[in-house]
Protein chains: 4
Amino acid sequence: MKKVRQILYGHETFPKGLKKSVHKIMSVSKRQGNFSWYFDVFIISLILLNILALVLESVIPIKQQYHEQFVLFETFSVLIFTLEYVLRVWSANVKPKYSRSVIGNFKYACTPLAVIDLLAILPFYLPFLGIDLRLLRMFRIFRVFRLFKIARYLTALELMERVLIKKKEELMVSLIFTVFLLLLASTLMYYVENEAQPEHFSSIPETMWWGIATLTTVGYGDMYPVTGLGQFLGGIIAIIGIGLFALPTGILAAGFSEEVSQKAKKEGACPNCGNINN
Amino acid sequence: MKKVRQILYGHETFPKGLKKSVHKIMSVSKRQGNFSWYFDVFIISLILLNILALVLESVIPIKQQYHEQFVLFETFSVLIFTLEYVLRVWSANVKPKYSRSVIGNFKYACTPLAVIDLLAILPFYLPFLGIDLRLLRMFRIFRVFRLFKIARYLTALELMERVLIKKKEELMVSLIFTVFLLLLASTLMYYVENEAQPEHFSSIPETMWWGIATLTTVGYGDMYPVTGLGQFLGGIIAIIGIGLFALPTGILAAGFSEEVSQKAKKEGACPNCGNINN
Amino acid sequence: MKKVRQILYGHETFPKGLKKSVHKIMSVSKRQGNFSWYFDVFIISLILLNILALVLESVIPIKQQYHEQFVLFETFSVLIFTLEYVLRVWSANVKPKYSRSVIGNFKYACTPLAVIDLLAILPFYLPFLGIDLRLLRMFRIFRVFRLFKIARYLTALELMERVLIKKKEELMVSLIFTVFLLLLASTLMYYVENEAQPEHFSSIPETMWWGIATLTTVGYGDMYPVTGLGQFLGGIIAIIGIGLFALPTGILAAGFSEEVSQKAKKEGACPNCGNINN
Amino acid sequence: MKKVRQILYGHETFPKGLKKSVHKIMSVSKRQGNFSWYFDVFIISLILLNILALVLESVIPIKQQYHEQFVLFETFSVLIFTLEYVLRVWSANVKPKYSRSVIGNFKYACTPLAVIDLLAILPFYLPFLGIDLRLLRMFRIFRVFRLFKIARYLTALELMERVLIKKKEELMVSLIFTVFLLLLASTLMYYVENEAQPEHFSSIPETMWWGIATLTTVGYGDMYPVTGLGQFLGGIIAIIGIGLFALPTGILAAGFSEEVSQKAKKEGACPNCGNINN
């Protein structure tokens, strides 16, 4: 018992020390074998098991056979996630940014990761709040937010995040370009194919489904032009679709190359010549 | 009233000053909060709303319910766009390139952006010119040019434009290569599959539809070889299709890398070593 | 008449001068407005018209209506191409490589471009040689070689050729990798799906058709796994298929980057810093 | 006879010399025309013929006609491969790593290449060990491991291996990202489309099959959303799928570029400037 107190409180007095310890346990541990590290492993495992349960529960025979176990596991998970959420919000004051007593906690509760934590447990509590059952069904989709809870632990995503942020603008332009092309392709194709296939190319929004399938080269085959002019136009659009892959890929390739160059630079060597005093 | 005059005319005498002010308002503003900036925002919003109207109008139930509103909005938009077009052509003389009175205006009216502006409003005026109704239906497709009007404001496209212009030649060769491959693949496949599926692979132009779907990896599934030789040939063509993605992507990746290097160079530093005096 | 003689023979005596002049006219001109240049334009146009004829002739209604014109044009084209071929082989002696009288001509006739020239006219002469009509039908496909004749003039392909040759080895390994993966994927999928869909996954060669459609992400939709295990395996193979695009693209992107760097180097400047004395 | 002994034993005494010679023959030869080189060619040919046999045997008419030949060839191949496996394990002691008598041999037998060698011959011996026939059918799939035996000889894969190992982490993150996206896309799509198409989008694992076909842009067309919301969601997922190609491609492009730079560096020249004393 004494040991636990020591671990939890450290050398500090009760209320402040406890909050600090809780915060330390809650934040992602960088050292293996730590108490905080075991907590991380536990939460990650619970998240992964929740995702597995979500996936398996959608299979009707499995759901019918293990219905009780699923309910039990769901209750257990939500209790743990609720405790985790409450402790995270409560202990947020430790960070200088959220140090003010109630306002700080509220501020932390508005950060994306905290909102995700809340949304992931919300559907469980809604029936107690007297929410309509039909609306509740829709809210069940919120359980998928438990998948996002894992983002906190994916530190390996950092390099990608850095590249994506750096190339944000160019990627954005690629996206605008894609939407622009989609609108153009779908409008033209609608006017060309509507008469020949009024049941498939019935409106521009409907034709956009064809446009996306073609520009992304998915090509489900549920919609395709049948007139000569439509196929000619479709062919040109499909070839332009290649460019839609080339643009972001080229941007990201340049981004990753830069990132590597800069890393080498920080280490003091020219990435090309390998000489320190270049 | 006085303030408006001051804003519009500046310190210059009436006719020349007005033209200059109008030209200034018409051109893309670089500073937020300007009168010219508000004008840009208004035109961009109107363009986006027009595209939305074009898309929604194609949905039959929506069109039937809001028919009057669509007609009203169309009339209003065309009036604004006509006014915009007239003012743009009229005020073009301000630019040294188009300074000669009538010839300069005509010259400006022949630039791609001005032609797009004209085509975007043309279908509205055609019935007044006594154009045949059936031809008119075809002209309605011109409303899609309103989408292109937005190109004037997409300054973010500049980096991409620069890369594309720089790599114009290589990308052109990629395209020639694609067309060459498409011709070859379709001709061969036509000879191989025509006998087994005369209804699908009925001619080389028809087979090109398969060729594009395969080389771009869209693969709708409405046409595919069924004979052994046809599938062998189709497999080789599909694998070569991977190269069709690799070529432009490689070219653009190199282009974006160079662009980044040159930008760093202009800023006086070696992009690799980060040293100024390299 | 005198002028033509001067142009053709130059300042040299008859037999040798004529051969030299013919060779000069035959080879690709680098200067516009030349007689040799007009000859190039004529041959390129004839090739393009031949391809157009080949494509249009495959459309049955067009073929029936313009049958005579097609025959006339074919006869005219073959005569020109035959003359071109004979003159090319005859004048090959001008090049030091092929200078020996008969052996040199024969050697030139064995180069890929000369073989293509021969194959492009061969199907026309075969009936005169008493070839079986059924075999002749097969030979008609040789007309597609006229498409390749244009390769002689596509000097713009050079950069690509250089990059492809430089990266030959890596691209070859990519291809081996692809074939390896295809064999593995098809064999495994055959064992998994054969029982459930014996009509589609009837043998490994048949399953390879699915394998190619999946690895290249074409996905026609004529074959796909339906069992749980088959879909799991298919999913993994499809994801690996992404890598099949990434490998050659990455290789070519590096190739184009190098090419640009080396070009800058030849021009005496560091491509990064732009300084001459680096 | 004497010559063979000399080749096999070299200048060393019997038992040790033989083992060394066998090991030398077994390992991949770097010099053409060697005895060891001929052995490599023989084994590679046998592997390729085995793969051919595996593929052809799956075609029922071929299997029925040449059943005996296939059995004979299989027996012959397994005998050779068994001899090869035994000799490889026996002669492994020559390598310092596996020098200890029995333990060393066992250690070598646990390396991936040796395990593959064993698995490739195992299905042949299982009936002698009294394995159930139904289980045996499943084991026949192990014959595909003969395909992997060729990995030992593909030294050309080295560059790719180096790039892949170097970028292991980033590629891993790409994969995690893909799985994450797949889970998210499939869960959302299941909730959206389940009601409209309960027979196709019957559960999340089932919907994953759609998710993979869409994210990898294969698009078989056996499953696709039909509701408006489903198509909207599907469109966004398909566009994100483009990023799934861009990420690994960008990573690999950077990897190949680095590899080239480092190779040039080792050769003592700056890859950009070409100067030795940079």
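For clarity, every value in this text was computed on a predicted model and none was experimentally measured. Quick note on labels: first sequence line is chain A, next is B, and so on, each numbered from 1. Worth knowing before you read on, the calculation uses all heavy atoms, side chains too, and leaves out hydrogens, waters and symmetry mates.
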Under 4.5 Å from any heavy atom of chain B - which part of A:T214: both

Evaluation steps, side chain to side chain contact (heavy atoms under 4.5 Å, CB included), between A:I150 and A:L48: CA-CA 8 Å; A:I150 219 157; A:L48 293 177; 3.6 Å; yes

Rounded distance [0.5 Å steps], CD1 in A:I237 versus CZ in A:F232: 10.5 Å

Part of A:Y190 lying under 4.5 Å from any heavy atom of chain B: side chain

A:P248 versus chain B, the contacting section by heavy-atom distance below 4.5 Å: neither

Side chain / backbone / both / neither for B:L247 at chain A, heavy atoms under 4.5 Å: neither

Shortest non-hydrogen contact between B:L175 and A:I239, atoms and distance: CD1-CG2, 4.0 Å

Partner chain B: residue of A:A253, A:A238, A:S186 with the largest heavy-atom pair count (under 4.5 Å): A:A238

Proximity breakdown for B:I212 and chain A, heavy-atom pairs closer than 4.5 Å: side chain

Option in A:V192, A:L184, A:T249 with maximal non-hydrogen atom pairs under 4.5 Å from chain B: A:L184

Pair B:F180 and B:F177, ring centroids less than 6.0 Å apart: no

Test side-chain contact (heavy atoms from CB on, under 4.5 Å) applied to A:Y191 and A:N194, A:L188, A:T187, the passing residue: A:T187

Interchain contact, B:E57 with chain A, by part (heavy-atom threshold 4.5 Å): neither

Distance-only side-chain donor-acceptor flag, A:T227 / A:E193, under 3.5 Å: yes

Proximity breakdown for A:T207 and chain B, heavy-atom pairs closer than 4.5 Å: neither

Interchain contact, A:M208 with chain B, by part (heavy-atom threshold 4.5 Å): side chain

Residue part contacting chain B, namely of A:E170, when any heavy atom lies under 4.5 Å: both

Whether B:Y220 and B:W209 hold their rings parallel, tilted or perpendicular, with breakpoints at 30° and 60°: parallel

Heavy-atom contact with chain A under 4.5 Å, split by part of B:I62: neither

B:K63 NZ/CZ over B:F70 ring centroid, <6.0 Å and within 45° of normal: no

Contacting region of B:L171 [heavy-atom separation from chain A under 4.5 Å]: neither

Rounded distance (nearest 0.5 Å) linking atom CZ of A:F201 with atom CH2 of A:W210: 6.5 Å

Most contacts with chain A, counted as non-hydrogen pairs under 4.5 angstrom, among B:L244, B:D222, B:L54: B:D222

